[in-house]
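As structure tokens, the structure follows; a few thoughts come after it.
By convention in this document, chain letters (A, B, ...) are assigned in the order of the sequence lines, proteins followed by strands, and residues within each chain are numbered from 1.
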Number of protein chains: 2
Amino acid sequence: MIQEATTLLKENGLKITQNRLDVLCVFLGSEKAFTLLDLEKIFSLKHDRSSLFRSLQTYYEKGILEKFCNATGTAIYTLNRHKPDCNGKSHFKCKDCETVVSLPNLPTEYLQLLGNNKMETMNLLIEGTCENCQNKNPETL
Amino acid sequence: MIQEATTLLKENGLKITQNRLDVLCVFLGSEKAFTLLDLEKIFSLKHDRSSLFRSLQTYYEKGILEKFCNATGTAIYTLNRHKPDCNGKSHFKCKDCETVVSLPNLPTEYLQLLGNNKMETMNLLIEGTCENCQNKNPETL
DNA sequence: TTGCTTAATGCAATTTGGTTGCAAATATAC
DNA sequence: GTATATTTGCAACCAAATTGCATTAAGCAA
């Protein structure tokens, strides 16, 4: 995984630093989404918040991470898996296990409802309970 | 408009206060969306931020305003126009004139892509340029 | 390998947006 | 008009994001 991270950094012309490797490995090793606060907790002593923040920012700018915000307005980051037909702007996030999956782009029939209003950016977040977590918690059925 | 505001307040069992009337009239008199900061600027001397905040909160709870958040996570409020098939969670916002329109619910075919993942909440914001503003600014064509 | 140059980091401080406790002011019911 | 409960303004606080700057470290070239 370190290998994968190193390659990604090189491909993007970024210096290989411990901070960047650590942060990237968190994402490479999980399907979850993380906030800056999550990373602060993981690396409380090892890395400063501002450095973690700057790494996330850099990764987002390079298209390595996707970024969106939850209902309370906190920024959430997740690995960009470059799924075809996914623009990285539509996600489903499980409130229980925090797993995030990218959703396909909105159907053109829906976007036609915009009429002559021109779309430039969009952001869709659907939150709920994923299949796994529903099965784990029978009381929620 | 004051009349309309007064009626709305009474219908919702809310006391008629200057703060509430002022805030509600901002929304009744416009198709735009406003943040707390916007209202602070409008009423800088007349009303305190906390009172504006509480009015917005109350209106949202009563279903008079819709609330969602923009790309940077700031809460945005707009009048709930009770359009059929609109759940108040999908919006188009013009980056230029700030006009907001509610969009219909996502099509069921799209939601079926969630599979057995169960949706509980959602938030869709599409930003761009509305028809009017495109015509006003020919250089963007 | 060493030194050089530029970029990244840690720390402290700041900004922004949201939120609360409490005393004073005010709307409504009587 | 008066009593009562609600709302308001103020100040303070909180959470998340962001920045300036001195220090440190990465990577290139000699």
Nucleotides 15-28 of chain C: protein proximity per nucleotide (B base, S sugar-phosphate only, - neither; heavy atom, under 4.0 Å): --BBSBB-----BS
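Taking A:Ser50 as the reference, A:Asp48, A:Arg54 meet the side-chain contact (heavy atoms from CB on, under 4.5 Å) condition, with sequence neighbours excluded. Legend: residues meeting side-chain contact (heavy atoms from CB on, under 4.5 Å) with B:Thr35, ordered by chain and number and at least two apart, are B:Leu37, B:Asp38, B:Thr74, B:Ile76. Residues forming a salt bridge (Lys or Arg N to Asp or Glu O under 4.0 Å) with A:Glu127 (at least two apart in sequence, or on another chain): A:Lys93.
Between the CE atom in A:Met122 and the CG atom in A:Leu114 there is a gap of 10.0 Å [rounded to 0.5 Å].
Contact check, B:His47 against D:dT8: no side-chain N or O comes under 4.0 Å of OP1 or OP2. Regarding contacts with the backbone of D:dA25, every side-chain N or O of A:Asn19 stays at 4.0 angstrom or more from both OP1 and OP2.
Using a distance-only test at 3.5 Å, with no hydrogens or angles considered, a donor-acceptor pair links the side chain of B:Arg20 to the main chain of B:Lys15.
A 6.0 Å sphere centred on NZ of B:Lys83 holds more than 12 heavy atoms belonging to other residues, nucleotides or ligands.
Atom pair B:Leu52:CG and D:dT8:P shows a separation of 9 Å (rounding to whole Å applied). We find that CG of A:Leu56 is positioned 15 Å from P of C:dA8, with the value rounded to whole Å. Here the C1' atom of nucleotide D:dA16 and the CG atom of A:Asn70 are 11 Å apart, to the nearest Å. Rounded to an integer number of Å, the gap from CD of B:Glu61 to P of D:dT7 is 11 Å. Atom CG in A:Asp22 sits about 10 Å away from atom P in C:dG10, given to the nearest Å. To the nearest angstrom, C1' of D:dT7 lies 12 Å from OH of B:Tyr59.
Classification of the B:His91-B:Phe68 ring pair by plane angle, with boundaries at 30° and 60°, yields parallel.
Aromatic pair B:Tyr77/B:Phe27: centroids not less than 6.0 angstrom apart.
Here B:Lys10 lies out of heavy-atom contact (under 4.0 Å) with every strand.
Residue pairs satisfying the side-chain hydrogen bond (donor to acceptor under 3.5 Å, both in side chains) criterion with at least one member in residues 105-114 of chain B, sequence neighbours excluded, are listed as follows: B:Asn87-B:Asn105.
For the helix from C:dT1-D:dA30 to C:dC30-D:dG1, the terminal axes (five pairs an end, C1' atoms, rotation from four pairs onto the next four) enclose an angle of 30°, given to 10 degrees.
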